[in-house]
Amino acid sequence: MSSPQSPGVRALRPAVQALGRLAVLTVLIPAGVALGVLVVLAAVLWCGLGLFPFALLAVRLVRSAAEAARRAAGHWSQVPVPSPYRPRPALERTLHGWFWTGHDYHRNRRFASMARNLRWIWNDPATWRDNLWAVTDPLVGGGITAAPLLLIGYGLYGLAQPLLPAPGPGYDLLPLDGALAPLPGLALVAGGLALARPALRLHARWTRALLGPTERARLARRVEQLTEIRLDATEAQAAELRRIERDLHDGAQARLVAVSLRLGAVAALVDRDPEQAKRVVTDAQENVTAALQELRDLVRGIHPPVLAERGLAEGVRALALDVPLRVEVRTALPGRAEAPVESAVYFAVSEALTNAVKHGGARCATVELTHAAGLLRAEVSDDGGGGADPGRGSGLRGIQRRLAVFDGTLTLSSPPGGPTRLIMEIPCVLSSPRTSSC
């Protein structure tokens, strides 16, 4: 059993961890210098001799290093740095065998691919920001990461002065004699530890300033996302309308037509064969009852009445009763969201439970609904076989599209062997239960 740590040790641990990460970044400064020299050399060879293949190789190396810096900023400093690159245009082949790069035609596929990549890289502003980062990061970023390490190193050097046979060179900036001699060293070590975490976060902000997307790029990407969401919503709406039309045509409409024909035959049978007329009326009544049930099921599939009347929590509880699983529902919702948001979460949970039964082979599942920090969160976990992948099925992609309409996100954890865990989050505001529409 481990002994409890003192508050001082617990407070010191993050600083030491940040100091170790700063040491890693400082050790990589020579590699950054070499990368900056490579960028300058590639620019000279490209502009002076036209050797663009060497430039493409240099850009790939710079982009790999930039991606590593973005990941480090996100994982080590909790400063997310999204990738700013434009998507690479597709290489299309015409009916006559030529390759279209989006700008010109080429007969050779390899040359067309090289020309496409060159134009794509040249026209992407993120490429030039990457090159600027590669040239300047060893100086600016290296100075940020090395400053706390230098302070601690100089402080330790000062603490070692009493152990040296003669005063060491370079430690006479703050001379103190006797018992006060170690104080400057202690102050420098404490200052270096105190600056470790702020320096690591400052380095991450410097990385985001150069390697993150610009405001213009963010707006352009947002426009693309909204365009994709609108197309997905339009396709989903059209598919839903086709499903409703098909269900009405093949179900309730067919039964009502049969009822109309049977009731037409009743008039001819009432006087001639009353018993047969009663049987036809009874059969018509059964068909009408079945048609009404199909209409209720259809309406429930469009917008369940329990969801409209009692809210998302009760709707999910009612949904759990219809699933051939042992489902535990936990809710902590202080109010109700807008009806479209509740509908999106309801059907997303329904799809997740259906996948757990159909593909995961689960025996029990848990649904948890919470709301905090402006986010409506629905977590669905099951004990199935795992291995869920949005790229291999339309169910998870449908959930992503449904949530994306409201700027929602889907986080999936489904290792082979299970368990599977889906976390769905939608930004929304809950209304008070007293002012809710229900």
Chemist: Between the side chain of Ser343 and the main-chain N/O of Ala339, is any donor-acceptor distance below 3.5 Å?
Modeler: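 Looks like no, no N/O pair under 3.5 Å.
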Chemist: Is there side-chain contact between Leu186 and Val189, with heavy atoms separated by less than 4.5 Å?
Modeler: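 No, side chains not in contact.
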Chemist: Pick out which of Thr26, Leu193, Leu22 makes a side-chain contact (heavy atoms from CB on, under 4.5 Å) with Pro148.
Modeler: Leu22
Chemist: Let me confirm one number: the CG-CG distance from Leu200 to Leu19, rounded to the nearest 0.5 Å.
Modeler: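 It comes to 10.0 Å.
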Chemist: Measure the spacing between CE of Met424 and CD of Glu351 and express it to the nearest 0.5 Å.
Modeler: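 Met424 CE to Glu351 CD: 10.5 Å, rounded to 0.5 Å.
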Chemist: Can you check whether Ala362's main-chain N or O pairs, donor with acceptor, with Asp382's side chain at less than 3.5 Å?
Modeler: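 Flag not set: sc Asp382 to bb Ala362 has no pair under 3.5 Å.
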Chemist: How far does CG of Leu35 sit from CG of Leu38, to the nearest 0.5 angstrom?
Modeler: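 These two atoms lie 6.0 Å from each other.
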Chemist: Among Arg317, Glu314, Glu368, His371, exactly one meets side-chain hydrogen bond (donor to acceptor under 3.5 Å, both in side chains) together with Thr331. Which residue is that?
Modeler: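 Result for side-chain hydrogen bond (donor to acceptor under 3.5 Å, both in side chains) with Thr331: Arg317.
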Chemist: Is a side-chain donor-acceptor pair under 3.5 Å present for Thr411 with Arg421?
Modeler: no
Chemist: Would you list the atom pairs, donor with acceptor, under 3.5 Å between side chains in residues 201-212 and any protein atom, with sequence neighbours excluded?
Modeler:
unit_1	atom_1	unit_2	atom_2	d
Arg201	NH1	Ser77	O	2.7
Trp206	NE1	Asp137	OD1	2.9
Thr207	OG1	His203	O	2.9

Chemist: Listing request: all salt bridge (charged side-chain N to carboxylate O under 4.0 Å, His left out) pairs with a residue in residues 66-77, at least two apart in sequence or in separate chains.
Modeler: Glu67-Arg70, Arg70-Asp130
Chemist: How long is the gap from CG on Leu325 to CG on Leu353, to the nearest 0.5 Å?
Modeler: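 CG of Leu353 is found 7.0 Å from CG of Leu325.
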Chemist: Using side-chain heavy atoms (C-beta onward) and a distance below 4.5 Å, is Glu425 in contact with Leu376?
Modeler: no
Chemist: Starting from the C-alpha separation in whole Å, work towards a yes-or-no answer on salt bridge (charged side-chain N to carboxylate O under 4.0 Å, His left out) for Arg326 and Glu328.
Modeler: CA-CA 7 Å; Arg326 188 171 69 254; Glu328 179 183 0; over 6 Å; no
Chemist: Counting C-beta onward and ignoring hydrogens, is there a side-chain heavy-atom pair between Val345 and Phe406 closer than 4.5 Å?
Modeler: no
Chemist: What is the distance from atom OH of Tyr85 to atom CZ of Arg129, rounded to the nearest 0.5 Å?
Modeler: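 So the gap between those two atoms works out to 10.5 Å.
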Chemist: Taking salt bridge (charged side-chain N to carboxylate O under 4.0 Å, His left out) as the test, write out the residues that go with Arg60, two or more places apart.
Modeler: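 For Arg60, no residue satisfies salt bridge (charged side-chain N to carboxylate O under 4.0 Å, His left out) once neighbours in sequence are set aside.
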Chemist: Looking at CD of Glu379 and OG of Ser413, how far apart are the two atoms once the value is rounded to the nearest 0.5 Å?
Modeler: 10.0 Å
Chemist: Give the minimum heavy-atom separation between Thr145 and Gly142, together with the two atoms involved.
Modeler: OG1-O, 3.1 Å
Chemist: Does atom CD of Glu338 have more than 12 heavy-atom neighbours, drawn from other residues, nucleotides or ligands, at distances under 6.0 Å?
Modeler: no
Chemist: Could you please spell out the steps behind the side-chain contact (heavy atoms from CB on, under 4.5 Å) verdict for Arg363 and Asp383?
Modeler: CA-CA 7 Å; Arg363 291 176 298 177; Asp383 63 347; 3.9 Å; yes
Chemist: Taking all atoms of both residues into account, what is the closest heavy-atom pair of Ala348 and Ile399, and its distance?
Modeler: O-CD1, 3.7 Å
